[in-house]
K.L.:
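Structure provided below as structure tokens; questions to follow.
What's counted below: heavy atoms across the whole structure, side chains too, no hydrogens, waters or symmetry copies.
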Amino acid sequence: MIEVHDLSFAYPNHPLVFQSFGWRVERGEHWAIIGPSGCGKTTLLYLLAGLRRPVAGRIVVDGQPLEKPRPTIGLILQDYGLLPWATALGNVELGLELRQMGGKVRRAVARRWLEDLGLASHGGHYPAQLSGGQRQRVAIARTLALDPHVLLMDEPFSSLDALTRESLQNLVVALSHDADLTTVLVTHNIEEAVFLGKRILVMGQPPIDKAYLLENPLARSLDYRGKEAFHRNCEEVRRRVGESGT
């Protein structure tokens with residue numbers, strides 16, 4: 001599904017973030033990426049989204065080189081990215097409108113996704129009238145309305161309280177299963193990485209040429225947080241992140 005070949009990347013007038021980095025994501029896999037602040041997690045996500053271009057190497061998605069953003073790759077951001085002057089319904093419709101979908105059809109699609117995410121009665125509300133969890137649900141609805149094959153998430157729940165965070169984590173599990181999505185999550189939260197990532201990539205300090213891989217096959221089960229394997233893997237990721245940050 002996603003192949004990263006000999007990737008090198010640096011911001012202008014800055015040292016390399018990645019150097020000859022390779023990685024492979026199979027269709028339907030669910031990955032979490034974690035590591036110390038500033039190690040390049042979000043940069044990697046933006047490269048996968050086509051928002052940044054490698055200085056060397058290439059990224060292949062669905063067998064085709066990735067040279068620009070694609071409609072089949074969805075991105076959910078930490079700050080929601082909602083238009084403050086548009087209603088929840090209008091925000092969900094936005095991407096469909098850019099695809100020139102007819103008004104009646106796109107409104108029906110947007111309303112269906114708001115209903116699926118428990119926001120049927122909030123379609124006329126503006127972002128400022130919604131809670132943080134509701135705003136993130138609108139952002140998720142807007143992305144999934146575009147029917148992506150790959151869902152990229154950049155710290156999507158970091159600003160939410162613990163209970164809302166867990167509720168939305170459970171929601172993402174259900175939605176990605178129903179839509180048969182390939183998902184890649186960037187997070188600073190160890191418990192979130194272990195709950196959502198069946199494979200966890202622990203990144204170190206730049207320049208990154210490889211990363212530690214933790215297999216986590218029990219992830220995404222709603223009762224996983226209470227299992228011994230969950231706590232054991234949290235400790236393993238915590239240790240690896242600590243080592244990579246030195």
K.L.:
Grab the two heavy atoms, one from Arg225 and one from Phe195, that are nearest each other, plus how far apart they are.
P.N.:
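Distance-wise, the nearest heavy atoms are NH2-CE2, 3.2 Å.
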
K.L.:
Begin from the C-alpha positions of Ile34 and Glu192 and carry the test side-chain contact (heavy atoms from CB on, under 4.5 Å) through to its verdict.
P.N.:
CA-CA 10 Å; Ile34 195 167; Glu192 183 166 87; over 6 Å; no

K.L.:
So, for Ala86 and Pro127, which heavy atoms are closest and what is the spacing to 0.1 Å?
P.N.:
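That closest heavy-atom pairing would be O-CD, 3.1 Å.
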
K.L.:
If hydrophobic clusters are built by linking Ile, Leu, Val, Met, Phe, Trp and Tyr wherever their side-chain heavy atoms come under 4.5 Å apart, do Leu94 and Val138 end up in the same one?
P.N.:
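Cluster IDs for Leu94 and Val138 differ.
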
K.L.:
Using the side chain to side chain contact (heavy atoms under 4.5 Å, CB included) rule, pick out the option among Thr43, Asp6, Asp209 that qualifies with Phe18.
P.N.:
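Only one of Thr43, Asp6, Asp209 forms a side chain to side chain contact (heavy atoms under 4.5 Å, CB included) with Phe18, namely Thr43.
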
K.L.:
Between Lys227 and Ser221, is there a side-chain heavy-atom distance shorter than 4.5 Å?
P.N.:
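SC-SC contact between Ser221 and Lys227 ruled out.
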
K.L.:
With the threshold set at 4.0 Å, does a side-chain nitrogen-carboxylate oxygen contact exist between Arg107 and Glu93?
P.N.:
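So Arg107 pairs with Glu93 through a salt bridge.
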
K.L.:
Can you sort out the partners of Gln129 under side chain to side chain contact (heavy atoms under 4.5 Å, CB included), two or more places apart, ordered by chain and number?
P.N.:
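His125, Tyr126.
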
K.L.:
Check this for me: does any side-chain nitrogen of one of Asp62 and Arg27 sit under 4.0 Å from a carboxylate oxygen of the other?
P.N.:
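Looking at Asp62 and Arg27, the cut-off is met.
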
K.L.:
To check you understand the geometry: which heavy-atom pair defines the closest contact between Leu213 and Glu215, and what is its length?
P.N.:
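Minimum heavy-atom separation between Leu213 and Glu215: CD2-OE2, 3.7 Å.
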
K.L.:
Between Tyr224 and Phe230 (judged by ring centroids, cut-off 6.0 Å), do the two rings come close enough to count as a pair?
P.N.:
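Under 6.0 Å, so yes.
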
K.L.:
Does atom CD of Glu115 have more than 12 heavy-atom neighbours from other groups under 6.0 Å away?
P.N.:
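Atom CD in Glu115 is not crowded, with 12 or fewer foreign heavy atoms closer than 6.0 Å.
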
K.L.:
Under 3.5 Å, side chain of Lys210 to main-chain N/O of Ser20, donor-acceptor pair present?
P.N.:
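Side chain of Lys210 to backbone of Ser20, a donor-acceptor pair under 3.5 Å: no, none is there.
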
K.L.:
Set out, in order, the CA-CA distance, both residues' side-chain angles and the distance that settles side-chain contact (heavy atoms from CB on, under 4.5 Å) for Ile140 and Leu151, then state yes or no.
P.N.:
CA-CA 10 Å; Ile140 292 170; Leu151 182 62; over 6 Å; no

K.L.:
According to salt bridge (charged side-chain N to carboxylate O under 4.0 Å, His left out), who are the partners of Arg58, at least two apart in sequence or on a separate chain?
P.N.:
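Checked Arg58 against salt bridge (charged side-chain N to carboxylate O under 4.0 Å, His left out); zero matches.
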
K.L.:
Testing the basics here: between Ala211 and Val202, what is the closest heavy-atom pair and its distance to 0.1 Å?
P.N.:
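Shortest heavy-atom separation between Ala211 and Val202 comes out as CB-O, 3.4 Å.
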
K.L.:
Report the relative orientation of the aromatic rings in Phe21 and Trp23; use parallel for angles under 30°, tilted for 30 to 60°, perpendicular for over 60°.
P.N.:
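Phe21 and Trp23: tilted rings.
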
K.L.:
Does a salt bridge link Arg232 with Glu236, judged by any charged N lying under 4.0 Å from a carboxylate O?
P.N.:
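Answer for the salt bridge query: no.
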
K.L.:
Which atom pair, heavy atoms only, marks the closest approach of Thr182 to Gly28?
P.N.:
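Where Thr182 meets Gly28 most closely, the heavy atoms are OG1-N, 2.7 Å.
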
K.L.:
Under a 4.0 Å N-O cut-off, is there an ion pair linking Glu191 with Arg238?
P.N.:
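Yes, charged N to carboxylate O under 4.0 Å.
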
K.L.:
List the atom of Leu82, the atom of Arg135, and the distance in Å for their closest heavy-atom pair.
P.N.:
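Answer, listing the atom of Leu82 first, then Arg135: CD1-O, 3.6 Å.
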
